[in-house]
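Below: the structure, in structure tokens.
Note on naming: letters A, B, ... go to the chains in the order of the sequence lines (proteins, then strands), and numbering restarts at 1 for each one.
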Amino acid sequence: MSAERITRREMLKRLIVAPIGAAALVTLPVREASAAALQPYYEPYFVAVLWEGRTRCDSLWRSLKGDVVAILPTVQGATPYDRLYWTGYALGSAPVNVNMRVLARAVDHNGVPLGNGWRSIGQATIQTPPQRWFRVEIPEGHWDEYRIEVRSATPRLVYSRVIASQGYWKE
Amino acid sequence: MPVRFLRNASELADVSWESPLPVQVANARPVSADTLLVATTSVTTDANRDLLGSTSSELPTLDGCGQYRKLVWIARRASDTQINYTIRARATDPVSGAPLEVGWRTIMTGNFPADSANPNWLRLDIPATGDGYWDQYRIEISVASGTVSLVSKIVGVR
């Protein structure tokens, strides 16, 4: 293991020129809500962090929160958001090959889902060299709850963040 | 001569690519979304039954929608059965709230086909393209035969 001392300027340059792995959910035309009070807003751009953490990916479809309980949402209270972005990176020296899919549903005034199950919004395979960032855009907004699931044939640890953006009016 | 600004309350920094001037979007506010309707409908073969169960063609399903750029109709049907829809819209008098005239403009027709990949959950943006801003909407639904229970939620997006 080696280390080098670099300046902040050099670090920024390296971050900027680093290739970014990206996957687009082209079939997504969708978003969560009750957690709104807990969401730190990056004013004035009206972007909220809906979730942030690490996920142990294995061969099972798991929510980003790690559960395999299909009825549980990954994020809630997403009604006001136009679109979601899932950004992260996987630890390890092997190339990343992680399957992901996005499910969505709506809830009634009491926060109860309108019915069982989810709507499949889209799915994709994230393939990047090791140590690269990836980003997935989920453009189908205004769903109340989303469940973002991942799996990987090779167990991986993924650090990621789900943010949501809200359009704004300039007055 | 470099331009400098006060960063972090105590640090004087040159404006550069790495430390740009802090800016703030002024006079802006987020676009909010409102839940306009949550309703359960028994969808029948009646071609003119709306989401509220009414077959009175002059009654709107939604009123006071003039502020919304679009409506997002999300629904869950009880079975994987094709559901036909017709979306009608009209404007109202801003003072009285009464429709400018009887009748409607049909802005969308179509159907939610049976779909094994997504048998239950449905979604439709109204209108599909462009902006809405209609005052009233009437959303009519029907099936070819039998009945299907449909739970709908409509979100208005400004």
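Comparing B:V38, B:V72, B:V155 by heavy-atom pairs within less than 4.5 Å of chain A, the highest count is held by B:V38.
Taken from CG in B:D125 to NE2 in A:H142, the straight-line distance is 8.0 Å, to the nearest 0.5 Å. Between the CG atom in A:L103 and the CH2 atom in B:W121 there is a gap of 11.0 Å [rounded to 0.5 Å]. Separation of atoms CZ (B:R76) and CZ (A:R105) is listed at 10.5 Å; rounding is to 0.5 Å.
Residues B:V157 and B:M108 fall into different hydrophobic clusters, defined by Ile, Leu, Val, Met, Phe, Trp and Tyr side chains chained together at heavy-atom separations under 4.5 Å. Cluster membership check: B:I107 shares its hydrophobic cluster with B:L122, using side-chain heavy-atom separations under 4.5 Å among Ile, Leu, Val, Met, Phe, Trp and Tyr. Cluster annotation: B:I87 is not connected to B:W104 through the hydrophobic network of ILVMFWY side chains, with a link wherever side-chain heavy atoms come within less than 4.5 Å. Hydrophobic clustering (side-chain heavy atoms under 4.5 Å, transitive across Ile, Leu, Val, Met, Phe, Trp, Tyr) keeps A:W51 apart from A:W118. Linking ILVMFWY residues whenever their side-chain heavy atoms come closer than 4.5 Å, directly or via other members, places B:L124 and B:L150 in the same cluster.
Under the side chain to side chain donor-acceptor pair (under 3.5 Å) criterion, A:D58 pairs with A:R62, sequence neighbours left out.
In terms of modelled atom types and a separation under 3.5 Å, the side chain of B:K153 and the main chain of A:V107 share a donor-acceptor contact. A donor-acceptor pair under 3.5 Å is formed between the side chain of B:N118 and the backbone N or O of A:S120.
Residues from residues 110-117 of chain A that place a non-hydrogen atom less than 4.5 Å from a non-hydrogen atom of chain B comprise A:L114, A:G115, A:N116, A:G117, given in numerical order. Residues of residues 51-63 of chain B never come within less than 4.5 angstrom of chain A, heavy atom to heavy atom.
Contact of B:S152 with chain A is made through the backbone alone, with heavy-atom distances under 4.5 Å.
The 12-atom threshold is exceeded at CG of A:L72, counting heavy atoms of other residues, nucleotides or ligands nearer than 6.0 Å.
The ring-ring contact (aromatic ring centres under 6.0 Å, His included) pairs that include a residue from residues 50-75 of chain B are B:W73-B:F112, where partners are two or more places apart or lie in different chains.
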